[in-house]
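To keep things clear, I will list the structure first and then write my remarks on it.
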Amino acid sequence: MSEVKLAATVRSEFGKGASRQLRRASLVPTVLYGHGTDPVHISLPAHELGLALRTPNVLLSLDINGANELAIPKAVQRDAIKGSLVHVDLILVKRGEKVTVEIPVQAEGELAAGGNLLEHVLNTLSVEAEATHLPEAVTVSVEGLEAGASVLAKDITLPAGSTLVTDADAVVLQVLAAQAEEPSAEAEATEGAEA
């Protein structure tokens, strides 16, 4: 995984008014937590941060007044209508440190014939991995699975260096049989009258 380098500016003003001013200046108010230190209030360039956050569990290399810090996103708040970034919480990490993150589960392949449906019971898995080698996603093959089949968390092959935190017996994917629509009471009455 590559690092995304961003220049951060330490903030001294807080509150709604100060945050609005930052957003108008194409900056995102951000708080940096972790390692027993006091939270650091910073602002980051909105466009570059938005591009970086398209990658799940992106590793950010922050230049804060000449000091370099590594961080991963913890919470991202977006405007409900515009989709623009409103606020971001980041967690400090160190090289070699293990962190727990959520990674998306992606299914590939075709189910067995018969109009079966694939249900994603869990969309993400919790895994522990080194902060500088976080997996972006995990892919599961559902090729040829029949109705009633399920894929458990322990059945999924994780990327090297990752360990499963999610309950091993948790159902991640399951195959459901397609159900035919039952005839309504009116249709049954009409059929009975015609006979």
Side-chain angles (χ1 to χ4, degrees), residues 1-6 30-37 39-40 44 49-62 69-78 80 83 85-181:
M1 168 182 279
S2 62
E3 296 176 22
V4 176
K5 297 180 192 277
L6 296 174
T30 306
V31 180
L32 189 59
Y33 300 96
H35 295 148
T37 61
V40 178
L44 295 171
L49 182 59
L51 291 175
L53 292 176
R54 288 183 178 179
T55 303
N57 302 316
V58 65
L59 182 64
L60 301 172
S61 176
L62 305 174
E69 298 284 355
L70 294 176
I72 58 173
K74 181 65 176 170
V76 178
Q77 296 174 7
R78 294 186 182 274
L85 292 170
V86 174
H87 186 272
V88 176
D89 288 338
L90 301 174
I91 300 289
L92 279 170
V93 295
K94 293 181 180 169
R95 293 190 190 284
E97 177 184 10
K98 294 265 189 178
V99 294
T100 301
V101 294
E102 298 284 322
I103 58 171
V105 176
Q106 300 168 344
E108 69 177 9
E110 295 292 322
L111 297 175
N116 297 325
L117 303 171
L118 180 65
E119 179 185 17
H120 286 258
V121 179
L122 296 177
N123 291 321
T124 61
L125 287 178
S126 290
V127 298
E128 185 179 69
E130 186 184 335
T132 56
H133 295 91
L134 296 175
E136 291 183 19
V138 63
T139 304
V140 180
S141 175
V142 294
E143 189 67 40
L145 290 182
E146 301 276 341
S150 60
V151 177
L152 303 179
K154 64 184 177 188
D155 300 332
I156 298 174
T157 304
L158 297 175
S162 301
T163 50
L164 186 66
V165 176
T166 301
D167 179 25
D169 293 324
V171 175
V172 179
L173 302 169
Q174 65 183 2
V175 182
L176 305 173
Q179 296 180 356
E181 199 173 299

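Under a 3.5 Å cut-off, the side chain of Q77 and the backbone N or O of V86 do not form any donor-acceptor pair. A donor-acceptor distance shorter than 3.5 angstrom exists from the side chain of E143 to the backbone of E110, with no hydrogens or angles considered. When atom types are taken as modelled, the side chain of T124 and the backbone of E102 share no donor-acceptor pair closer than 3.5 angstrom.
N123 has its side chain out of reach of P104: every pair of non-hydrogen atoms, C-beta onward, lies at least 4.5 Å apart. Residues N57 and I103 are in side-chain contact: their nearest non-hydrogen atoms beyond the backbone lie under 4.5 Å apart. Here the side chains of T30 and D89 are not in contact, with every heavy-atom distance at 4.5 Å or above. At a threshold of 4.5 Å between non-hydrogen side-chain atoms, the residues L145 and L173 do not count as touching. Between V4 and L49 there is no side-chain heavy-atom pair separated by less than 4.5 Å. Residues L158 and V127 meet the side-chain proximity criterion, which asks for heavy atoms closer than 4.5 Å. A 4.5 Å side-chain heavy-atom check between L134 and L59 finds every atom pair outside the cut-off. The shortest distance between side-chain heavy atoms of L85 and R78 falls below 4.5 Å.
The CG atom of L62 lies 8.0 Å from the CG atom of L92; values are rounded to the nearest 0.5 Å. Residue I72 holds its CD1 atom at 8.0 Å from CD of E97, rounded to the nearest 0.5 Å. Atom OG of S150 and atom CG of L176 lie 10.5 Å apart (nearest 0.5 Å). In this structure, the separation between CD on E130 and NZ on K94 is 14.0 Å, given to the nearest 0.5 Å. Taken to the nearest 0.5 Å, the CD atom of E128 stands 10.5 Å off from the CG atom of L164. Taking CD from E146 and CG from N116, the interatomic distance works out to 7.0 Å, rounded to the nearest 0.5 Å.
Residues L60 and A52 approach most closely at CD2-CB, 3.9 Å, considering heavy atoms. In terms of heavy atoms, P73 sits closest to V58 at CD-O, 3.2 Å. Considering all non-hydrogen atoms of both residues, G34 and T37 come closest at O-OG1, 2.7 Å. In plain terms, the two heavy atoms of A131 and V99 that are nearest each other are CA-CG2, 4.0 Å. Here the shortest heavy-atom pairing between L152 and D169 reads CD2-O, 3.7 Å. Between S126 and T166, the closest heavy-atom pair is N-OG1, 2.7 Å.
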Can you check side chain to side chain contact (heavy atoms under 4.5 Å, CB included) on V171 and V151, steps first, answer last? CA-CA 6 Å; V171 175; V151 177; over 6 Å; no
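No more than 12 heavy atoms of other residues, nucleotides or ligands shown are found within 6.0 angstrom of NZ on K74.
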